[in-house]
Asker: 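Please find one structure pasted underneath; my questions will follow.
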Amino acid sequence: MLKATSVKAALASSAPQDEILVNGWVRTRRDAKTFSFIELNDGSCLKNLQVIADAGLPNYAEIQHLTTGASVSITGSLVPSQGQGQKWELKAGELRVLGGADASYPLQKKGHTAEFLREISHLRPRSNLFGSVFRVRSRLAFAIHEFFQNRGFVYVHTPIITGSDCEGAGEMFRVTTLDLLNVPRTPEGAVDAAQDFFKRNTYLTVSGQLEAEAFACAFSKVYTFGPTFRAENSNTSRHANEFWMIEPEMAFTDLAGNMDVAEEFVKHLITDVRQHCAEDLELFSKFVDKSLLERLDFVVQRPFQRISYTEAVELLRTSGKTFEFPVEYGINLQSEHERFLTEQLFKCPVTVFNYPKEIKPFYMRLNDDDRTVTAMDVLVPGIGEIVGGSQREERLDVLLASMERHHLDPKDYGWYLDLRRYGTVPHAGFGLGFERMLMFVTGVGNIRDVIPFARTPGNAAF
RNA sequence: UGCCCGGUAGCUCAGUGGCAGAGCAGGUGACUGUUAAUCACUUGGUCGCUGGUUCGAUCCCAGCCCGGGCAGCCA
C-alpha cells in the first residue's frame with residue numbers, strides 16, 4: 001500500500017508527483033461543471049489541499065454529497081494548479097469516503113464564536129483557529145525542552161500525588177480511595193487518614209518546586225514541566241484548575257541570575273514560535289490580535305524593565321492615576337496595578353523583585369534589609385503575571401525562623417530542611433505558566449481556548 | 001465567591017403583549033477552474049427551565065439553570 005503524504009508535505013512539494021495518497025477531512029466542497037473542488041485538511045498545517053474530483057469517478061454521486069467534516073482517503077497525482085491561490089492540487093484517481101458527516105456537523109466554514117466551540121471541545125481542533133492554537137502548543141512544549149536541554153538542565157519528573165498539604169500555593173484537590181459513604185473515623189471523629197491508600201492525606205500537586213530543589217542540589221540545573229492542579233474557585237480568563245507549569249531550579253544562582261534566565265527563556269520561546277509557527281501566527285495576527293507580531297518582536301528586541309517592589313509602589317503612587325485599590329507599601333499588587341506598569345507606563349514586560357517578606361511564602365530568601373525577600377514576578381501586557389519565582393532561603397537558621405513566622409511545623413518539612421543541613425548552596429528558580437505563555441504568543445484571550453479539554457469550576461466534560 | 005451582561009432555527013443574530021424572522025449551513029435546480037463561489041426555490045423552532053401577571057407571554061415579573069466579562073486567589 002502507498003505510504004500516505006501529509007497535506008503539509010504535498011503543498012511543499014518541489015515537483016509534480018504521479019501517485020500519492022493523502023488522507024484527511026473535508027473542509028468544504030464546491031461543484032464545477034465536470035468536477036468537484038474539495039478542500040482537504042489533515043491538521044498537518046493550516047492550509048488545505050485542493051482536490052479535483054472528476055465527474056468520471058465511479059462514486060461521483062457520493063462525492064457530490066460530501067459535506068464539511070467527512071473523512072476521505074484519496075490517491076491521485078499532484079499537479080500544478082490551473083487556478084489562482086495555490087501552487088499544487090491533487091487530481092483524484094480514487095476517492096474513498098471513510099466517514100460521512102451529515103448536516104448536523106456543527107462546524108462550518110466560518111462564523112463560530114470561541115464560546116460555542118468550547119462546548120464542542122472534541123471537534124474544535126478541526127477548526128482553523130484551534131488547529132493553529134494546538135500546533136503552536138505542541139511546538140512551544142518542544143521549544144521549552146530544547147531551551148533547557150541545550151543549557152545542560154536535567155528534566156525531572158516531580159510527583160503529581162503529593163503528601164504535602166502546606167505548600168502554600170493554593171487550595172488542593174484531595175486524592176483518596178476511601179469510601180465516601182463510609183469514611184473511617186478516629187476516636188476523635190476526624191477522618192482517619194491512616195486507613196487511606198497512602199496511609200496519610202494526599203493531594204494533587206500545586207507545584208513541583210520543593211522536589212525540584214532537591215534535584216537541583218544534586219544536578220545543579222534542573223527543570224520540571226508537567227501538570228499542576230489548583231482547587232481554587234477562580235472564574236477568570238487566565239485561571240484553570242488543571243494547567244501546565246515549567247519550573248527551572250538552579251543551584252549556585254542568585255536572584256539576578258534567576259531573572260536573567262527567566263528573561264532569556266521567555267524571549268527564546270517567542271523567537272522559536274515566531275520562526276517555526278509563522279503561518280499559524282499569521283492567522284492569529286489576522287483574526288485574534290492585529291498587533292500580535294509587532295508586540296512579540298518588540299518583546300524579543302528590548303530588555304525587560306526591572307524594578308524593585310519599592311520602586312513599583314512609588315511609581316504607582318506618583319503616577320497621578322487613581323486606582324480602585326489604593327497603593328501603599330505592604331500590599332499585594334492588584335491586577336490594575338500590574339496592568340498599569342506593563343501596559344501603560346513601560347509598555348513592555350516588567351520584572352518586579354524584592355517584595356515585603358510578609359506577603360510572600362516561607363521559602364524565599366530574606367534580604368539583608370530584613371524587610372524584603374528575593375521574590376520576582378514577570379508581568380506581561382494583556383495577561384499579567386506569567387512568571388513567579390525567587391532565590392530560595394539556603395540558611396537553615398533563617399529558614400527555620402521564616403517557617404515559625406509562617407506558622408509552619410518544621411516536622412512537616414524534614415527532608416526539605418535536610419537540603420540545608422547537608423551541603424546547602426544558594427539556589428533559585430521560578431515557575432512559568434505554560435498556558436499563559438501560550439496565550440501571550442497567540443494573542444488568544446481565554447485560557448480555556450489554549451487547553452485541549454479545559455478544567456474550570458463546574459466543568460470537567462470530555 | 002462577588003458585581004455586571006446574555007440565552008430566539010445546526011451556527012451568527014434581528015424582533016414584537018396578538019400568525020416566529022434574516023444571513024450562513026442543509027436540500028433541489030441553474031451557472032461556473034472554483035477557492036467564504038454566485039443565482040433561484042426550499043426544509044428547519046420546547047423563543048433556556050419553572051411559576052406568576054394577563055383575555056392572550058418569546059416579550060412584563062420572580063426563582064432556578066447555563067454561558068460570558070470583570071474582581072479576588074495565582075501561574
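Order of the sequence lines fixes the chain letters, A, B, ..., with proteins taken first and strands second; residue numbering starts at 1 for each chain.
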Asker: With heavy-atom distances below 4.5 Å as the criterion, would you say the side chains of A:Trp25 and A:Val72 are in contact?
Answerer: no

Asker: Can a side chain N or O of A:Ser237 be found less than 4.0 Å away from OP1 or OP2 on B:C70?
Answerer: yes

Asker: Between A:Asp254 and A:Gly257 (side chain of the first, backbone of the second, donor and acceptor by atom type, cut-off under 3.5 Å), is there such a pair?
Answerer: yes

Asker: Please determine, for the side chain of A:Gln50, which listed nucleotide (B:C11, B:U34, B:A75) has the closest atom?
Answerer: B:U34

Asker: So, OP1 or OP2 of B:A37: does either fall under 4.0 Å of a side-chain N or O from A:Arg30?
Answerer: yes

Asker: Passes salt bridge (charged side-chain N to carboxylate O under 4.0 Å, His left out), A:Lys47 versus A:Glu279? Steps please.
Answerer: CA-CA 9 Å; A:Lys47 287 205 177 81; A:Glu279 199 175 87; 3.1 Å; yes

Asker: Do A:Asp260 and A:Arg306 pass the salt bridge (charged side-chain N to carboxylate O under 4.0 Å, His left out) test, and can you show the C-alpha distance, the side-chain angles, and the key distance before you say yes or no?
Answerer: CA-CA 11 Å; A:Asp260 288 344; A:Arg306 285 187 192 176; 2.8 Å; yes

Asker: The side chain of A:Gln82 lies closest to which of these nucleotides: B:A71, B:G33, B:C74?
Answerer: B:G33

Asker: Starting at CE of A:Met437 and ending at C1' of B:C74, how long is that distance when rounded to a whole Å?
Answerer: 18 Å

Asker: Which nucleotide wins on minimum distance to the side chain of A:Gln334, given the candidates B:A71, B:U34, B:U1?
Answerer: B:A71

Asker: Closest approach to the side chain of A:Arg436, judged atom by atom: which nucleotide of B:A75, B:G10, B:G72 is it?
Answerer: B:A75

Asker: Consider ring-ring contact (aromatic ring centres under 6.0 Å, His included). Of A:Phe243, A:Phe225, A:Trp244, which one does A:Phe434 pass it with?
Answerer: A:Phe225

Asker: Would you mind pulling out the nucleotide paired to B:G26, Watson-Crick or G-U wobble, both distances under 3.5 Å?
Answerer: B:U42

Asker: State which residue, out of A:Arg295, A:Glu343, A:Gln305, fulfils the side chain to side chain contact (heavy atoms under 4.5 Å, CB included) condition with A:Cys348.
Answerer: A:Gln305

Asker: Ignoring hydrogens and angles, answer whether the base of B:G6 and the side-chain atoms of A:Glu115 contain a donor-acceptor pair closer than 3.5 Å.
Answerer: no

Asker: Could you run down nucleotides 26-32 of chain B 5' to 3' and tag each one B, S or - for protein heavy-atom contact under 4.0 Å?
Answerer: S-S---B

Asker: Counting Watson-Crick and G-U wobble pairs only, both distances under 3.5 Å, name the nucleotide matched with B:U54, or none.
Answerer: none

Asker: With respect to the side chain of A:Ser335, which nucleotide from B:U34, B:C11, B:G72 is positioned closest?
Answerer: B:G72

Asker: In the structure I gave you, are the side-chain heavy atoms of A:Met437 and A:Val441 within less than 4.5 Å of one another anywhere?
Answerer: yes

Asker: Under 4.0 Å: is that the gap between some side-chain N or O of A:Arg448 and OP1 or OP2 of B:G69?
Answerer: yes

Asker: Main chain of A:Leu432, side chain of A:Arg436: is a donor-acceptor contact present, judged purely on distance under 3.5 Å?
Answerer: no

Asker: Under 4.0 Å from OP1 or OP2 of B:G69: is there any side-chain N or O of A:Asn446 that close?
Answerer: yes

Asker: From the options B:U34, B:A75, B:G72, select the nucleotide whose nearest atom is closest to the side chain of A:Arg238.
Answerer: B:G72

Asker: Can you tell me which nucleotide in B:G67, B:A25, B:A37 comes closest to the side chain of A:Glu119?
Answerer: B:G67

Asker: Using the side-chain heavy atoms of A:Thr113, tell me which of these nucleotides is nearest: B:G67, B:U12, B:A75.
Answerer: B:U12

Asker: Taking pairing as Watson-Crick or G-U wobble with both contacts under 3.5 Å, can you name the mate of B:C31, or confirm there isn't one?
Answerer: none

Asker: Please tell me which of the listed nucleotides, B:A75, B:U34, B:U1, lies nearest to the side chain of A:Gln86?
Answerer: B:U34

